[in-house]
Amino acid sequence: MSGNEEHPNHPSIDQSDRTVPRNLRQTGDPNIEMLVSTRVRKSPFFHKSFNEEGAWRATVYNRLYHPRGLIEPEDGGVMKEYDALTNDVTLWDVAVERQIRVKGPDAEALTNYVVTRDVTSMDAMDGKYVILCNEDGGVLNDPVLLRPEEDEFWFSISDSTLMQWLQGVNVDNDFDVEIDEIDVAPMQIQGPKSEDVMIDIVGEKVSEVPYYGLMDAEIDGVDVLISQTGFSGEKGFEIYVKDASKYAESVWDPVMESVKAHGGRQIAPGHHRRIAAGIMSWGQDLDHETSPFQVNLGYHVPDDKDADYIGKEALEAQKEQIEAGSYPFEHKLIGLKIAGEPIRDYAPDFWLISDPETGEECGYLTSPWWNPDLETNIGMGFIPAEKLQEATDTPLNDDIYDEELDIEFQVHLPDEYAEEPGEPVFATVAKVPFKESVNPSAREQAKLNARKEAESSSD
C-alpha cells in the first residue's frame, strides 16, 4: 500500500488508549460456513438447541458453540425472537457461561482480592454482578458472582478465560482454595411469563427469590441452583444444572415443555433487548483494555472498600483525575439514537462514527440494533471524550448516561441500512438505558431512589 492510499483500518480514529487497536476495516459478512470440530466443545444442550430446536447459526463463546439464531430470517428472524422475549417467555442455551468455582477456607479472601466490589457482605445464597480488573484497571471479565455456600463462589463468566487468571493470581498469594471449572451448565428463562414457568417447574417458593438471590431446587430429580438474573432487562431466571454432562436433558425437557405451554420458545440470547437495557457484552463493548470509567461501570470502583484488590491503585487514580475534571481517556462509550433503515441483525463490523462538523472519522459503534418499542435504531459506541466534555460542565463520570445531550454524530452504516447509499446517517447522544429494565442495576436503582427522595422532599 502506497503512502497516499487511505489505510483500511482507519488510523485517523484515535485508539491510543489501546495496545491492540480494534479492527475497524469494513469487511461485512462474508457468508462463510462455521466448521464444527472437536477443538471447540459442544455444550450439554447442543443436541437440544441444534438438532431438535433448529438453531441455524452459531458463534464460539468461551470455546463452546453458542446458538445465535433459532428463527430463520424468512420467518421473522431475530426480531420475531424479540417479540417472544418481550411479550411471552423464552428459553436460552447459555451453557457457554462457564462456572469457575473458588472453594475453600480462603474463598472469600481470594474473591474479594480479585473483584473490585466488596463481597464480604454477601451471604450464602447471594449473587452479585461484579468486574475483575488487571493492574492497569482494564476489565478482565464481568461475571455474575454466585455464593452457594459460605466457603464457595462461582464466577459465571463472560467470554474470556478467567480460570487461568485466578489460578495464576494464587500462585504467589497461596490462598487456601481450589480453583476449577465445574460441570454446571446454565439456561436462562427470560420474559414477562418467566415466573409462571418457574412456578410450574419448582413451585411457588421461587417467587420469593429476590433479584440476584439464589435458591436450591430439584427438577426431574436433578439438583439445580436457581437465580433471579439474566441478560435481557426483562424479568428472568437462570437454572444452573449440576452434573450437566449427565442430566442436562432431564432438566431441559420439562423446562422447554413449560415454556412452550406458556406461548414461548427457545431463542438466541436477546442482544436486541440487552442493548436497550444498556447491558454490555464483554469483547464487544468492553475488554481488558477498557477502564470501567469508560463504560458506565464507575460505580464498581467503591469509595468504602478498605481491602486491597487487583487494580485498586490504578482505578482510584483514574477516579481522582475524573473528579478533578481531567478525563484520562481518549474515548468514552455512550448511547446513540441512530437514523437509517432498521438494523435487524448483528453488525459484522464496528461501524464508523464521524464528526459532522469536520467530516473526520472519530469513533465506532460496538452494539447497534433496531428497537421496535422506541421505533428507532439504537446503539452504544465509543466517541471522543473531548467532544462530550465540550458539551457538559460536569466531570465525565457515570452521570453522563442520564442525559439527552444535544450532540450530533454521523454513523457510516452499510448501504442496506443507509438512507442513501454511501452516505452516513445522523445520530444523537441518548440516555442509557434506552428502555428501563424490570430489575434496574445497582447504579440505576440508586438514581431512582435519589429521584424519589428529591420528589418527596419537594412535596
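Numbers here are sequence positions counted from 1.
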Review point. So, are K246 and D183 salt-bridged, with charged N and O less than 4.0 Å apart?
Key: no
Check your understanding: Would you say the side chain of D349 lies within less than 4.5 Å of the side chain of T27, judging by non-hydrogen atoms?
Key -> yes
Check your understanding: Is the shortest heavy-atom distance from the side chain of L388 to the side chain of I407 under 4.5 Å?
Key -> yes
Check your understanding: Is the backbone of T161 close enough, under 3.5 Å, to the side chain of N141 for a donor and an acceptor to pair up by distance?
Key -> no
Practice item. Show the numbers, then the answer: is there a side chain to side chain contact (heavy atoms under 4.5 Å, CB included) between L225 and W154? Key: CA-CA 11 Å; L225 183 68; W154 297 0; 3.6 Å; yes
Check your understanding: What is the distance from atom OG1 of T116 to atom NE2 of H300, rounded to the nearest 0.5 Å?
Key -> 6.5 Å
Exercise for review: Examine distances only and state if a side-chain atom of Y65 and a backbone atom of K42 form a donor-acceptor pair shorter than 3.5 Å.
Suggested key: no
Point to revise | Worked verdict on E81 versus T90 for side chain to side chain donor-acceptor pair (under 3.5 Å) | key: CA-CA 8 Å; E81 294 183 16; T90 57; over 6 Å; no
Exercise for review: Tell me whether the centres of the aromatic rings in F329 and Y327 are closer together than 6.0 Å.
Suggested key: yes
Practice item. Could you check whether the rings of F231 and W92 sit parallel, tilted or perpendicular, using 30° and 60° as the cut-offs? Key: perpendicular
**Study point:** Spacing of CZ belonging to R57 relative to CG belonging to D345, to within rounding of 0.5 Å
**Key:** 4.0 Å
**Study point:** Short side-chain to backbone donor-acceptor contact, D142 and I131, under 3.5 Å
**Key:** no
Check your understanding: Does R274 reach the main-chain N or O of I279 with its side chain, forming a donor-acceptor pair under 3.5 Å?
Key -> yes
**Study point:** Heavy-atom check, side chain of L286 versus side chain of L297, under 4.5 Å
**Key:** yes
**Study point:** Pair Y346 + W369: ring centers closer than 6.0 Å
**Key:** yes
Point to revise | Approximate separation, where rounding is to 0.5 Å, of S367 OG and L333 CG | key: 8.0 Å
Practice item. Answer whether the closest heavy-atom distance between the side chains of C362 and F409 falls below 4.5 Å. Key: yes
Point to revise | Side-chain heavy-atom pair E341, E416 within 4.5 angstrom cut-off | key: no
Exercise for review: Answer yes when D253 and K48 have at least one side-chain N-carboxylate O distance shorter than 4.0 Å, and no when they do not.
Suggested key: yes
**Study point:** Within 6.0 Å of CD in E386, more than 12 heavy atoms from elsewhere
**Key:** no
Check your understanding: Passes side chain to side chain contact (heavy atoms under 4.5 Å, CB included), E218 versus D223? Steps please.
Key -> CA-CA 5 Å; E218 271 191 15; D223 290 335; 3.5 Å; yes
Review point. With distance as the sole test, does D93 use its side chain to make a donor-acceptor pair with the main-chain N or O of A95 at under 3.5 Å?
Key: yes
Practice item. Have a look at S354 and tell me which of H412, E361, E360 forms a side chain to side chain donor-acceptor pair (under 3.5 Å) with it. Key: H412
Check your understanding: Where do V425 and L413 come nearest, in terms of heavy atoms and distance?
Key -> CG2-CD1, 3.7 Å
Exercise for review: Ignoring hydrogens and angles, tell me if any N or O in the side chain of R147 forms a donor-acceptor pair with the backbone of M122 under 3.5 Å.
Suggested key: yes
Review point. Does any N or O in the side chain of W282 come within less than 3.5 Å of the main-chain N or O of V139, such that one atom is a donor and the other an acceptor?
Key: yes
Check your understanding: What distance do Y82 atom OH and S232 atom OG have between them, rounded to the nearest 0.5 Å?
Key -> 10.0 Å
Exercise for review: Could you point out which residue of W351, F350, Y364 forms a ring pair (Phe, Tyr, Trp, His ring centres under 6.0 Å) with F382?
Suggested key: Y364
Review point. Where the side chain of K332 meets the backbone of F293, is there a donor-acceptor pair that is under 3.5 Å apart?
Key: yes
Practice item. Compare every heavy atom of V411 with every heavy atom of A427, then report the nearest pair and how far apart it is. Key: CB-CG2, 3.8 Å
**Study point:** Worked check of side chain to side chain donor-acceptor pair (under 3.5 Å) between E195 and S207
**Key:** CA-CA 7 Å; E195 188 172 342; S207 297; 2.5 Å; yes
**Study point:** Point-to-point distance, once rounded to the nearest 0.5 Å, from CZ of R63 to CZ of R98
**Key:** 8.0 Å
Review point. CG of D402 to CG of N296: how many Å apart, nearest 0.5 Å?
Key: 8.0 Å
**Study point:** Closest non-hydrogen atom pair, T229 against Q190
**Key:** O-NE2, 3.1 Å
Exercise for review: Check whether any side-chain heavy atom of K128 sits under 4.5 Å from a side-chain heavy atom of V115, and report yes or no.
Suggested key: no
Check your understanding: If we only count heavy atoms from C-beta on, is the I157 to N62 side-chain gap below 4.5 Å?
Key -> yes
**Study point:** Whether D17 side chain and H331 backbone form a donor-acceptor pair below 3.5 Å
**Key:** yes
Point to revise | Check ion pair E289-R22 (N to O, under 4.0 angstrom) | key: no
Exercise for review: Could you check if a side-chain atom of E52 sits within less than 4.5 angstrom of a side-chain atom of M256, using non-hydrogen atoms only?
Suggested key: no
Check your understanding: Do any N or O atoms from the side chain of H66 and from the backbone of A268 form a donor-acceptor pair under 3.5 angstrom?
Key -> no
